[in-house]
Protein chains: 2
Amino acid sequence: MGYRPSRFARGMVGPGLTTLGLVIADVLNPFFPEVVSGVLSAADERGWQVAIYSTGSALERESAVAATVVDHVDACVAFLLDPADIELIQRSGMPFVLLDNEHRPPAVSGGRIDFATGMRQAVGHLVERGHRRIAMLDDRGRPDAGDRGTRHSLFLRAATECGLPADGGWVFPAANSLDGGAAAMDDVLDTGFGATAVLAYNDLIAIGAMRRARDRGVSVPEDCAFVGCDGLTLSRLVDPPLTTLLVDKELLGRAAVQQVAALMTGAQARETVIVPRLVVRASS
Amino acid sequence: MGYRPSRFARGMVGPGLTTLGLVIADVLNPFFPEVVSGVLSAADERGWQVAIYSTGSALERESAVAATVVDHVDACVAFLLDPADIELIQRSGMPFVLLDNEHRPPAVSGGRIDFATGMRQAVGHLVERGHRRIAMLDDRGRPDAGDRGTRHSLFLRAATECGLPADGGWVFPAANSLDGGAAAMDDVLDTGFGATAVLAYNDLIAIGAMRRARDRGVSVPEDCAFVGCDGLTLSRLVDPPLTTLLVDKELLGRAAVQQVAALMTGAQARETVIVPRLVVRASS
DNA sequence: TTGAAAGCGCTAACAC
DNA sequence: GTGTTAGCGCTTTCAA
């Protein structure tokens, strides 16, 4: 007769379903679907439901999401920028794993990508190929630009370690998208920076930049080499195939769920580290 | 003191949060993130939570998901293949919108992509370019291969309408992935079918096939042209850029949520139709 | 076998 | 302002 038992009344008496909140920046950035895939399968193995929230990397949107998440899920895996949001969720007391954030408080579990190692590989590779002037296309959406541990600062450190006179002038801000990468490439070319190589915050920005460079008559990799930073499936398919730091994003998601499960059994906050691997392709 | 109010007890007394279940085949197929994006934003506008489920297009997995969904969400938007699963959800009485399924019972709301029109455009385009022998790479995972209304049968009809002697022999099954497209392209080449053009079930298969063709020395589009079928962002980025039927997948998702909302107010089952648009690029 | 009742954890209303 | 209680809709237990 169209009658449906109430989920709530039911959950009240039985053990009730665990809902894991997964907060990502943008499902259209191919980085996230891979993480989502890992989270979905690991959650499914435990019989958990996954609720997805997207912040668009917009700070006020992120706060709204954090506030919602706090009273609608039982545990949380999140990409979050604002320390206030991180604290809000942590203080809610639910199991919480923060991903890819360099400012993680020690009391919060985390999943980190070891870009320190990654950047050394990437910059080292470019220097080996003879590049002495490398532009870094940073994500301008991050409020912590240049802080210790960010790709921005790790790039500068790696470059310095290789003996390059790198400074803030080598870093160009880019919106986190193909178009953002393209616009930033315009900046690199128009300001006469004279880059023979471009290293981007992620593959999306790198691909956008590489295409724009080609459109403007720069030949890749002869005139300018390109290196990305997350190893999207996509990076293998573009022309030329992109050199990138391959990150096991699915594992990042799986490990986060695993950590949530550990927190539920009363384990201490821990950190999982994913080490990227440099994959050299035709773009460099 | 680490105390957390129970979601269930809370939902029991207050109005409680609406959770929309979104069932997709595979978050790693870039088709779905675009749909998810539309669903997320439309759901968010209504203050709904979205729980994601992935079937992997595996029939037994799909049944498990359908069974779960039925008692853990309040409404459902789904890509589903098995009629039994469709009926299960429909009979649960929750608002339900079925996407991209040619066998939708009339009592179920739906979101359909008008591939009849799309196929005519795509095949017409190839015929105009002088192609007389076109291989169709179908998704072999669909249990309804060749049924009325599928891309398979719409392809054959469109080809026939253009005066080509098309029959089942023109259709090659492919797994729904880049590798699947590559393997199917091997079939097309190895069986000596003699295609001068390949039209695929979707862009993923088309891109996989196109790359394999190139790797085997076929030049694109001179020796063989390629056309995809869903207009992924990716299709613009590959080399050569892929001719495809551009489908507004975000709109498909948004419209589905809108229909769910309508069903909640007691509206009749309806169908939304998305009309694809042929985008001609260098692959043909 | 069938039916009544207790109680899950919260909120809101009401009485003190 | 502070404290008490009814009741949300189920499931499970226990009684008839």
Side-chain angles (χ1 to χ4, degrees), chain A residues 1-23 43-53 63-78 85 87-97 260-267, chain B residues 1-23 43-53 63-78 85 87-97 260-267:
Chain A
M1 304 226 27
Y3 157 77
R4 318 205 63 227
S6 144
R7 275 167 38 222
F8 299 111
R10 182 167 257 234
M12 190 135 172
V13 60
L17 177 68
T18 297
T19 298
L20 175 70
L22 174 57
V23 181
D44 188 69
E45 284 163 14
R46 292 169 170 80
W48 299 348
Q49 189 182 56
V50 178
I52 300 228
Y53 300 84
S63 302
V65 166
T68 305
V69 155
V70 158
D71 29 63
H72 294 312
V73 303
D74 305 305
C76 183
V77 170
D85 299 327
E87 197 194 322
L88 179 70
I89 297 183
Q90 176 67 6
R91 284 212 333 219
S92 80
M94 77 176 112
F96 174 34
V97 177
V260 164
L263 289 172
M264 281 176 171
T265 70
Chain B
M1 302 226 29
Y3 157 77
R4 319 204 62 227
S6 145
R7 278 168 34 224
F8 299 110
R10 179 168 261 232
M12 193 135 170
V13 60
L17 178 68
T18 297
T19 297
L20 175 70
L22 174 56
V23 181
D44 189 69
E45 285 164 14
R46 292 169 170 81
W48 299 349
Q49 189 181 55
V50 177
I52 300 228
Y53 300 83
S63 303
V65 167
T68 305
V69 155
V70 158
D71 28 66
H72 294 313
V73 303
D74 305 304
C76 183
V77 170
D85 299 326
E87 197 194 322
L88 179 69
I89 297 183
Q90 176 67 6
R91 284 210 335 217
S92 79
M94 76 176 113
F96 174 34
V97 176
V260 164
L263 289 171
M264 281 176 172
T265 69

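Within every chain, numbering begins at 1; the chains are lettered A, B, ... in the order of the sequence lines, protein sequences first and strands thereafter.
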I'd like to know whether CZ of B:R91 has more than 12 heavy-atom contacts from other residues, nucleotides or ligands below 6.0 angstrom.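 Result for CZ/B:R91: open.
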Quick check: do A:F8 and B:R7 have side-chain heavy atoms less than 4.5 Å from each other?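 A side-chain contact is absent here, since even the closest heavy-atom pair is not under 4.5 Å.
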Hey, what bend do you get for the helix from C:dT1-D:dA16 to C:dC16-D:dG1 if you fit axes on five pairs at each end, rounded to 10°?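 Comparing the axis at each end, I get an angle of 50°.
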Looking only at non-hydrogen atoms, find the nearest pair between B:L17 and B:G47 and report the distance.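 Smallest heavy-atom distance, with atoms named: CD1-O, 3.3 Å.
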Taking every non-hydrogen atom, the tightest pair across A:L20 and A:C76: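 Residues A:L20 and A:C76, closest heavy atoms: CD1-N, 3.9 Å.
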Drop me the distance from A:D44's CG to A:Q49's CD, to the nearest 0.5 angstrom.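 Those atoms lie 11.0 Å apart.
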Nearest 0.5 Å please: distance from the CG atom of A:L22 over to the CD1 atom of A:I52.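 Spacing of CG (A:L22) from CD1 (A:I52) equals 4.5 Å.
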Under 3.5 Å, sequence neighbours excluded: what are the donor-acceptor pairs made by side chains of residues 63-73 of chain A?
unit_1	atom_1	unit_2	atom_2	d
A:S63	OG	A:L59	O	3.2
A:S63	OG	A:D85	OD1	3.3
A:T68	OG1	A:A64	O	2.9

Just by protein heavy atoms under 4.0 Å, how would nucleotides 8-15 of chain C read 5' to 3' in B, S and -? BBSS----
